[in-house]
Amino acid sequence: MRVGIIGAGFGGLAVAIELRRAGIGDCTLFEKAADLGGTWRENTYPGAGCDIPSPLYSFSYEPHTTWPRRFSLQADIHEYMKDTAKKYGVAGHIRFGTEVTSAVFDDSAAAWTVGTAGGETFEFDVLISAVGQLNRPARPDIPGADTFQGHSFHSARWDHDHDLTGRRVAVIGTGASAIQFVPRIQPIVEHLTVFQRTAPYLLPKPDRTYRRWHHELFRLFPPAQLAGRLSIWTLCEVMTKGWTGTRPVAAAFERVALTMLRLQVRDRGLRAKLTPDYPAGCKRVLFANDYYPALTKPNVHLETEKITEITPNGIRTADGTHHEVDTIVYGTGFSTMDMLAPMTVRGSNGQDLHTEAWAGGAKAYLGITVPGFPNLFLMYGPNTNLGAGSIIYMLERQARYITQLVGKLTPGSSVDVRPEVADRFDAEVQRRLAGSVWTSCGNWYRNESGRVVTNWPGLVSEYDRRTRQVDMTEYTLNRPRSTT
């Protein structure tokens with residue numbers, strides 16, 4: 001079977017490794033950049049790191065005993081990915097600098113034709129999208145942005161050639177990236193203005209440096225690291241219960257967050273600005289020990305007035321104040337709703353994935369398969385994101401499930417999820433999500449109609465159970481007709 005995989009981030013590596021472990025080695029990974037890594041290649045802003053401890057944010061079959069710290073930084077995660085790809089024989093199957101722009105299914109041949117930005121075409125029996133949900137930086141549409149005469153960039157495309165020392169810097173956005181880089185740049189800038197639309201919930205980050213004795217313990221006694229992984233996994237499951245409807249659990253985490261805020265920010269006016277006005281968990285809960293202290297420094301101003309325009313030399317807010325700055329950093333996240341965009345994807349009978357199948361929002365059975373798109377499988381697809389926990393855990397389950405499906409195929413055959421199965425699953429997911437905290441405020445989990453497109457409605461242990469074994473009664477398997 002010829003398998004094409006789009007993307008060489010954690011998702012692409014996970015499924016490529018799983019396929020190779022199952023003896024399916026004819027895989028080609030397409031990566032538009034010059035290196036693998038996905039979000040861990042692209043996000044190099046100061047302080048970039050993971051908010052899930054490394055013992056859990058790594059492949060279960062490839063524990064790493066020499067993580068420098070509990071919550072690893074970008075460079076160490078990226079290095080782990082490269083080492084793992086090399087060890088499992090995946091690195092040599094990646095075509096770098098190759099951006100996929102189209103994918104079209106041929107019903108008669110039961111094959112996918114993939115087109116690239118360079119004009120090349122490739123044919124595969126199976127196509128797997130592993131482009132993720134957090135790969136296209138989003139910039140807000142602010143009047144006058146194109147008139148700014150200073151320097152501006154998105155945090156996911158950090159300009160390391162632009163020295164921020166002694167500059168007047170504006171940071172737009174207070175999400176997961178900003179709370180990491182703001183404390184790093186605060187000591188070197190002349191003045192920092194942080195523009196906040198909504199205050200995030202912050203929890204303490206129990207980070208620590210791993211010493212040599214930790215590394216020796218993990219190497220000589222693997223259960224020690226496994227115990228750490230299990231404890232983190234359990235805590236994330238408990239937190240998920242809070243976000244999906246168990247209010248006392250959510251209230252407990254909320255109290256911890258507000259207590260930390262009260263202890264770290266003594267100024268009542270600033271503390272009021274930093275106090276969220278929505279239930280904990282509705283927006284992504286963040287982990288940081290140094291963000292609040294950074295905002296209390298004399299050279300930092302937290303601005304909560306709405307931005308009305310960007311001028312040639314600054315930013316104007318709704319109260320009429322003009323904030324003069326020479327650098328703008330957009331910490332405004334990613335476009336999460338248009339999954340697989342900007343690729344054109346056409347399935348059986350020419351059906352367009354975005355304008356037809358996903359006209360009301362992205363959806364897929366188990367986040368993996370879409371009716372009418374045979375032999376197309378998704379990694380980190382719709383409704384597989386997590387409010388708490390490691391996405392690597394989810395990716396391993398998806399890779400296992402996809403590998404089982406590919407194992408059912410022979411060249412010229414196709415497998416397609418039954419529409420009634422996918423519809424029943426989607427109805428269940430949306431019904432359960434309606435009772436979750438994610439419907440109680442505006443966030444990047446929901447589209448314009450209010451549909452939660454990104455998140456899984458339950459525990460990751462449930463997802464593990466539901467993806468453990470493919471039920472072929474849920475699929476239509478078409479074999480090639482005999483030519484004799």
Could you check whether any side-chain N or O of [X] sits under 3.5 Å from a backbone N or O of [Y], counting only pairs where one atom can act as donor and the other as acceptor?
| X | Y | value |
| --- | --- | --- |
| Y291 | A178 | no |
| T98 | F96 | yes |
| E305 | T317 | no |
| W233 | C236 | no |
| W438 | G281 | yes |
| N383 | G367 | no |
| N443 | R446 | yes |
| H354 | A362 | no |
| T332 | A138 | yes |
| Q351 | E356 | no |

- Task: Consider only side-chain N and O atoms of H322 and T311, and report whether a donor and an acceptor are under 3.5 Å apart.
- Result: yes

- Query: Looking only at side chains, do Q186 and N299 share a donor and an acceptor under 3.5 Å apart?
  - Reply: yes

As an exercise, state the distance from [atom1] of [X] to [atom2] of [Y], rounded to the nearest 0.5 Å.
| X | Y | atom1 | atom2 | value |
| --- | --- | --- | --- | --- |
| L192 | H301 | CG | NE2 | 10.5 Å |
| Q149 | D326 | CD | CG | 12.0 Å |
| H78 | E42 | NE2 | CD | 10.0 Å |
| R266 | L261 | CZ | CG | 10.5 Å |
| M343 | S129 | CE | OG | 4.5 Å |
| T84 | F10 | OG1 | CZ | 7.0 Å |

- Query: Would I392 and L56 count as a side chain to side chain contact (heavy atoms under 4.5 Å, CB included) if you check the C-alpha gap in whole Å, the side-chain angles of each, and the deciding distance to 0.1 Å?
  - Reply: CA-CA 8 Å; I392 310 303; L56 184 58; over 6 Å; no

- Message: Check this for me: R197, atom CZ, are more than 12 non-hydrogen atoms of other residues, nucleotides or ligands nearer than 6.0 Å?
- Response: no

- Task: Assess whether atom NZ of K241 is packed by more than 12 heavy atoms of other residues, nucleotides or ligands within 6.0 Å.
- Result: no

Taking side-chain hydrogen bond (donor to acceptor under 3.5 Å, both in side chains) as the test, write out the residues that go with [X], two or more places apart.
| X | value |
| --- | --- |
| T44 | H160 |
| D76 | none |
| R316 | E309 |

Does the side chain of [Y] come within less than 4.5 Å of [X]'s, by heavy atoms?
| X | Y | value |
| --- | --- | --- |
| F377 | Q398 | no |
| R136 | P342 | yes |
| F124 | T28 | yes |
| E18 | I402 | no |
| I391 | Y380 | yes |
| T384 | Y463 | yes |
| W112 | V126 | no |
| V417 | L366 | no |

Between [X] and [Y], what is the shortest heavy-atom contact and its length?
| X | Y | value |
| --- | --- | --- |
| V182 | A294 | CG1-CB, 4.4 Å |
| F148 | N313 | CE1-C, 4.1 Å |
| I17 | F59 | CD1-CE1, 4.4 Å |
| K205 | C50 | NZ-O, 3.9 Å |
| V452 | T439 | CG2-CG2, 4.0 Å |

- Check step by step if side chain to side chain contact (heavy atoms under 4.5 Å, CB included) holds for E303 and I315. CA-CA 11 Å; E303 181 57 67; I315 297 175; over 6 Å; no

- Pairing of E428 and R431 as salt bridge, 4.0 angstrom limit: no

- Message: Using a strict threshold of under 4.0 Å (side-chain N to carboxylate O), is an ion pair present between K273 and D267?
- Response: no

- Message: Among residues at least two apart in sequence or on other chains, which ones pass side-chain contact (heavy atoms from CB on, under 4.5 Å) with A280?
- Response: Y201, W243, E254

- Message: Between R167 and V189, is the side chain to side chain contact (heavy atoms under 4.5 Å, CB included) condition met? List the steps.
- Response: CA-CA 5 Å; R167 296 187 182 275; V189 303; 5.5 Å; no

Excluding sequence neighbours, so at least two apart, what forms ring pair (Phe, Tyr, Trp, His ring centres under 6.0 Å) with [X]?
| X | value |
| --- | --- |
| H151 | F153, H162 |
| F287 | none |
| H323 | F195 |

- Item | side chain to side chain donor-acceptor pair (under 3.5 Å) contacts in which one or both residues fall within residues 357-372, not counting sequence neighbours | Y365-E474

Looking at residues at least two apart in the chain, or sitting in another chain, which of them share a salt bridge (charged side-chain N to carboxylate O under 4.0 Å, His left out) with [X]?
| X | result |
| --- | --- |
| R69 | D207 |
| R284 | D51 |
| R346 | D352 |
| R229 | none |

- Of V114, I5, V345, which meets side-chain contact (heavy atoms from CB on, under 4.5 Å) against L127? V114

- Message: Exactly one of V300, T275, T296 should register a side-chain contact (heavy atoms from CB on, under 4.5 Å) with L270. Which one does?
- Response: T296

- Item | Worked check of side chain to side chain contact (heavy atoms under 4.5 Å, CB included) between I172 and I142 | CA-CA 11 Å; I172 300 178; I142 302 175; 4.2 Å; yes

- Message: Less than 6.0 angstrom separating the ring centers of Y80 and W40, yes or no?
- Response: no

